[in-house]
Every structure is written in C-alpha cells, then in structure tokens.
Amino acid sequence: MHKDTGASCHERKVSQGLYQKFSYVYSLLRRNRCVYTTPPVCCSICSDAKLKDPFSLAQKDLQNLYEEIKKQLLVSKAELKVLCDYYFDGKGKAFRPMIVILMARACNVHSNKEGVLLPAQRSIAMISEMIHTASLVHDDVIDDSDTRRGKNTINKVWGERKAILAGDFILSAASMALARIGNNTVVSVLSQVIEDLVRGEFMQLGSKENENERFKHYLEKTFKKTASLIANSCKAVSILVNSDPEVHEIAYQYGRNVGIAFQLVDDILDFTSCANLLGKPSAADLKLGLATGPVLFACQQFPELHAMIMRRFSSDGDVDRAWQYVLKSDGVEQTNYLAQHYCQEAIRQISRLRPSTERDALIQLTELVLRRDK
C-alpha cells in the first residue's frame, strides 16, 4: 500500500515499483519480440456498447470549469489577466479534470454517498487543470516552443519573462484554491505534484549510459512530469470521502497507470501523427534531444542510436536518422504494448471499487487513451 511517510520514501517506492514492473515487461519484449506485435486495442477492456462516453458523463460537472478557473485568476493588471486566461479558452481536452470528476463520483458511490459530487472534489478537478496548464506554460519556455494547442505559445507572443510570471501566477492561484479546501492531507498530497513536476523537468535534462538505467530514468521521469498529477488528484478526491487507505491506493494507482499510459501514447504520436492533429510539430521530442519509448526500444534493433541518445541528437542529421531508425524498428509497436500493459493494470485497480456508471467509464477511458490520435 502507498503510505505518506515522506517525499523521499514515496519517490523510492514509485521508482522501485516502476522499475520492477518495467523490467519484467521489458525482459518479455526482448525474449519474445516477434510475439508482441500490437494486438487489437482493448479487445478485452470494454465490450459493453451501452457504456456512456467518459467525456459526456463528466460534461455537466465540467461545463463551467474554465469560467471558474478565470474567477481564481482575477487581477487588476489587464495584461497579466490576458496571459493567464490565454489557455483557459475552453479548447483544451480537460482530460485531467474529467478523470478527477469520474474518480470522485466512483469513490462516492463506493463509499455509500450516492455519487453526489462534493464542492471540494470539484475544486480539485479545477486545481488539477490549473497546475497542468501552468506546467505547460513553463515547459514551453524551457523548450522554446512556438505552438501549443494549435496557436502561438505565451512565450512566443509575450516573451519568456512574462510567460514565466504567468505560469507562476497560475500556480499561486491554484495553491490558494487548494488551501481553501481546508484539508491538510489533501494539501500535502497535491503539493507533492508540484515537487514532482520540478524534479521530472530536471530528470528530462539528463540521460543514462546504461540501457536498463535509461528505461528506468525514462519511466520515472514520465511518472513525475505526467502521471503524478493524475495519480495524486485521484487520491485527493478519494481522501475527501473515504478514510480507508485501500481506497486511496486504488484511486492513486489507477491515476498513475493511466497517466503513464497517456504519456507513452503521446510519445508514440510524436512519430505517427501529423502536426495539424497534435497542434505542435511532429518529431518535437527528438528535436529537443529527448529519447522517448519508441527510440529506446528501437535502440535494441539499431545500436547506432545509442551514441545519438547520449549526445541528445545534437549532430547534423541525427534527428532524421533517428526518425528513420524508429520507423524501421518495432519501437512504436512495443511502446504501444507497454501502454496497454499500464492500462490493464489501471483496469485491475479500478475494478476493485463497487460497480457504478463512473467506475465503468474510467475503465472505458483506458481504451480512449490507447486509441487517441491527438
């Protein structure tokens, strides 16, 4: 069971769990490469055609999400207000708040609360989107990105300094909204997310010489930068309605596994989806010097990639050659298989809750994660 015994203990448990699970999967992939071609996605995940679409199910609870966020960002300086509102235009997927809402209702049903959403749970959904958006603003500065969600980035329009301040302000507003919930445990859980985001960004700046250490590094970075927010937000809404640590762990593990799968698919799309669909340039990760799942798997078939990974694809022609190696390999297929593995674990965890429409929607969501094309 996951217990809050301090940040360092928490990190060791997450890292060890990720590494042990991946070591097993990775060893299977290496021994049985020809066996693990990509199977039909989620053939056993969701066979009930009557299941409600997760986004539709959460729509009512999320319909005023961005208006509520903008109320948290009230400032007297007009330009800062424009910057902070820039990405809260209602055109985002609201993927994280949607998961949080569904998890909250599923935990409420499990706890005999008839699924009624608590105001504090709704606030956590809002806070999760604010933290996520602030991290995007900062990421775009670090990566010197020009586009995000199909339009120019804040740093491209207003410059790096103002973008950093806008991201900081969104985070501060999220922190104040979190404090108003008035639950110290929830504050502690969600504060871990911000620490993980920073640590994950630092991890992304480095690489590992050893092949197995490189995969461990990649998965731990993926957890911190992407999955920690989903996992801890899910845990937070469960804490508000249930005192059972086992329920908290179910919520946390579902969010962790779905979050990692989501990022693995995102890394696949960098090689398989066009820029128009993604809203950002393809091969963006390679151009940033990042070796993601498809590249790390491809390195098994094309050892030439090792030197490129270590120099972060900085030599002339590295990006194009690495791209071709990935497309010639089964790196995309193996990353897809790994994403399916994490989705199956998410299903196993959430299935431990009492049946409900929201629980079933969270199961169905794993299929949508694997099938998404942007």
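Values reported hereafter were calculated over all heavy atoms of this structure, with side chains retained and with hydrogens, waters and symmetry mates removed.
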Checklist line | Ser273 side chain vs Asp373 backbone, donor-acceptor pair below 3.5 Å | finding: yes
Notebook entry, point to check: Do the side chain of Gln340 and the main chain of Leu370 share a donor and acceptor less than 3.5 angstrom apart?
Noted result: no
Check: With no hydrogens and no angle check, is any side-chain donor or acceptor of His110 less than 3.5 Å from a backbone partner on Arg354?
Finding: yes
Item checked: Any side-chain heavy-atom pair of Ile181 and Val187 under 4.5 Å -> no
Check: When clusters are formed by joining ILVMFWY residues with side-chain heavy atoms under 4.5 Å apart, either directly or through shared neighbours, do Val100 and Val369 land in the same one?
Finding: yes
Notebook entry, point to check: Any donor-acceptor pair under 3.5 Å linking the side chain of Tyr218 with the backbone of Leu296?
Noted result: no
Check: Heavy-atom count around Met310 CE within 6.0 Å, excluding the residue itself: above 12?
Finding: yes
Margin query: Just so I know, are the side chains of Phe88 and Leu73 near enough to count as touching, which here means a heavy-atom distance under 4.5 Å?
Written below: yes
Margin query: Measuring only between side-chain heavy atoms, which start at C-beta, is Asp89 closer than 4.5 Å to Asp85?
Written below: no
Check: Do Val295 and Phe313 have side chains that get closer than 4.5 Å, going by heavy atoms?
Finding: yes
Checklist line | Under 3.5 Å donor-acceptor, Ser329 side chain and Val326 backbone | finding: yes
Next item on the list: State, with a plain yes or no, whether a side-chain heavy atom of Lys151 is found less than 4.5 Å away from one of Val157.
Entry: no
Notebook entry, point to check: Do Gln121 and Asn108 have a side chain donor and acceptor closer than 3.5 Å?
Noted result: yes
Notebook entry, point to check: Which atom pair, heavy atoms only, marks the closest approach of Val109 to Pro355?
Noted result: CG1-O, 4.2 Å
Check: Given the rule in the side chain to side chain contact (heavy atoms under 4.5 Å, CB included) test, do His138 and Leu171 qualify, once you have shown the distances and angles that lead to the verdict?
Finding: CA-CA 11 Å; His138 286 158; Leu171 272 180; 4.2 Å; yes
Note to self: Is it the case that the side chains of Asn64 and Glu68 hold a donor-acceptor pair, with the cut-off being a distance below 3.5 Å and no angle test?
What the structure shows: no
Next item on the list: Answer yes or no: is there a side-chain heavy-atom contact under 4.5 Å between Leu117 and Arg105?
Entry: yes
Check: Would you say Ser135's side chain and His132's backbone share a donor-acceptor pair under 3.5 angstrom?
Finding: yes
Check: With side chains defined as the heavy atoms from C-beta onward, is the minimum distance between Arg312 and Leu290 less than 4.5 Å?
Finding: yes
Margin query: Count I, L, V, M, F, W, Y as connected when their side-chain heavy atoms are under 4.5 Å apart, and connections chain through other members. Are Leu368 and Met103 then in the same cluster?
Written below: yes
Notebook entry, point to check: Thinking salt bridges, do Arg372 and Asp266 make one under a 4.0 Å N-O criterion?
Noted result: yes
Margin query: A quick test of your reading: do over 12 heavy atoms of other residues, nucleotides or ligands sit less than 6.0 Å from NZ of Lys70?
Written below: yes
Checklist line | Worked verdict on Phe55 versus Leu62 for side chain to side chain contact (heavy atoms under 4.5 Å, CB included) | finding: CA-CA 9 Å; Phe55 288 93; Leu62 297 175; over 6 Å; no
Note to self: If we ignore hydrogens and angles and just use 3.5 Å, is the side chain of His306 paired with the main-chain N or O of Cys299 as donor and acceptor?
What the structure shows: no
Note to self: With a 4.5 Å cut-off on side-chain heavy-atom distances among I, L, V, M, F, W and Y, is there a chain of contacts connecting Tyr66 to Leu80?
What the structure shows: yes
Next item on the list: Would you please say whether a donor-acceptor pair under 3.5 Å links the side chains of Gln59 and Gln63?
Entry: no
Notebook entry, point to check: For Phe297 and Gly331, which heavy atoms make the closest approach, and how far apart are they?
Noted result: CB-CA, 3.7 Å
Notebook entry, point to check: In this structure, which one of Leu219, Ile347, Val265 forms a side chain to side chain contact (heavy atoms under 4.5 Å, CB included) with Tyr342?
Noted result: Leu219
Notebook entry, point to check: Backbone N or O of Leu353 within a donor-acceptor pair of the Arg359 side chain at under 3.5 Å?
Noted result: yes
Notebook entry, point to check: Salt bridge check: are Lys216 and Glu220 linked by an N-O gap of less than 4.0 Å?
Noted result: no
Margin query: Under a 3.5 Å threshold, yes or no: a donor from one side chain and an acceptor from the other, between Ser228 and Asp196?
Written below: yes
Note to self: Could you check whether Gln253 and Arg352, counting side-chain N and O atoms only, form a donor-acceptor pair closer than 3.5 Å?
What the structure shows: no
Margin query: Which residue is it: Asn232, Ile124, Val237? I am looking for the one with a side chain to side chain contact (heavy atoms under 4.5 Å, CB included) to Val186.
Written below: Ile124
Notebook entry, point to check: Are side-chain heavy atoms of Lys81 and Phe169 found at a separation under 4.5 Å?
Noted result: no
Note to self: Please evaluate residues Lys221 and Lys224 with respect to the criterion side chain to side chain contact (heavy atoms under 4.5 Å, CB included), reporting the C-alpha separation (whole Å), side-chain torsions for both, the decisive distance (0.1 Å), and the verdict.
What the structure shows: CA-CA 5 Å; Lys221 182 265 295 183; Lys224 290 184 182 299; 5.9 Å; no
Check: Can a donor-acceptor pair be found between the side chains of Ser238 and Asn242 at a distance below 3.5 Å?
Finding: no
Check: Does the Asp53 side chain pair with the main chain of Ser56, one donor and one acceptor, at a distance under 3.5 Å?
Finding: yes
Notebook entry, point to check: With no hydrogens and no angle check, is any side-chain donor or acceptor of Thr133 less than 3.5 Å from a backbone partner on Glu129?
Noted result: yes
Margin query: For a quick check under 3.5 Å, do Asp267 and Gln263 share a side-chain donor-acceptor pair by atom type?
Written below: yes
Item checked: Shortest non-hydrogen contact between Glu358 and Ala106, atoms and distance -> CB-N, 3.9 Å
Check: Between Trp158 and Tyr86, what is the ring plane arrangement, given parallel below 30°, perpendicular above 60°, and tilted in between?
Finding: perpendicular
Check: Without hydrogens or angle criteria, can the side chains of Arg321 and Gln324 be said to hold a donor-acceptor pair below 3.5 Å?
Finding: no
